[in-house]
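First listed ligand is number 1; within each ligand, the first listed atom is number 1. Basis for what follows: all heavy atoms, side chains included, without hydrogens, waters or symmetry-related copies.
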Amino acid sequence: MLEGLDASGKTTQLRLLGEALAARGIPHLATREPGGTQLGARLREVLLDPARAMRPLTELLLMVADRHEHVEGVIRPALAAGQWVLCSRYTLSSLAYQGFGRGLDLDVVRRLNELATGGLEPDYVFLLDLPPRVAYERTRDRDRFEEEGLEFFTQVRVGYLELLRGVPRGYVIDGTLPPHKVCGEILARLPLSGL
Ligand code: TYD
């Protein structure tokens, strides 16, 4: 599972990791939230549209609706078929963005995450960490989250770092490193030897 602020390089890492697993003959699936299903793609449009204001709880409910479809329709079937699932964003995004960023009660976010996922947790979480200013400056054509500004990004990052301390096999990776180095840091922590 990859997590991190907007523009922290998750999409690039998903591709590089996919290539690294393919080179080792490991069956895998790369996917993302929000938007990893057909319905999710529609939810994603609504969620990111800067012209569409919504209340924080509505935002959370749409995120977890997307997650439920994704877990049941994509992630569980892939795991059942023996694939490794590489996913950009999951439950920690809701805790960091809707909890720390929007100020929703973390227990409410946790309970809805649990409901949406049926308790399915990732084996590994990699936080691609960036200073908020760098992340903010990297974003262009800002979507509804990216236009929230530096203060919002700062709260989300504080949240991520705090949350990650409670995650088993959760690692903070320096997102300012060149992409191939970031990928190397991730691969070094995955159980690849002997496969
Ligand atoms: P994403 O497409 O991963 O954006 P980026 O590629 O720029 O990192 O995610 C879109 C936005 O959705 C992002 O700003 C974070 C937000 N988001 C939440 O606020 N809560 C969530 O639970 C998820 C999955 C995403």
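V74 belongs to a hydrophobic cluster with L29, counting contacts under 4.5 Å between side-chain heavy atoms of Ile, Leu, Val, Met, Phe, Trp and Tyr, direct or through other members.
A distance limit of 4.0 angstrom between heavy atoms and ligand 1 selects the residues D6, A7, K10, E33, P34, R44, L48, M63, R67, R89, S93, S94, Y97, Q98, F145, E146.
Listed by first and then second residue, the salt bridge (charged side-chain N to carboxylate O under 4.0 Å, His left out) pairs involving residues 149-174 are D129-R157 (not counting sequence neighbours). Counting only residues at least two apart or on different chains, the side chain to side chain donor-acceptor pair (under 3.5 Å) pairs with a member in residues 181-192 are E185-R189.
In this structure, R102 pairs ionically with E148, as a charged nitrogen and a carboxylate oxygen lie closer than 4.0 Å. Remark: R133 engages E137 in a salt bridge, criterion side-chain N to carboxylate O under 4.0 Å.
The hydrophobic clustering, which links ILVMFWY residues whose side-chain heavy atoms are closer than 4.5 Å, places V182 and L92 apart.
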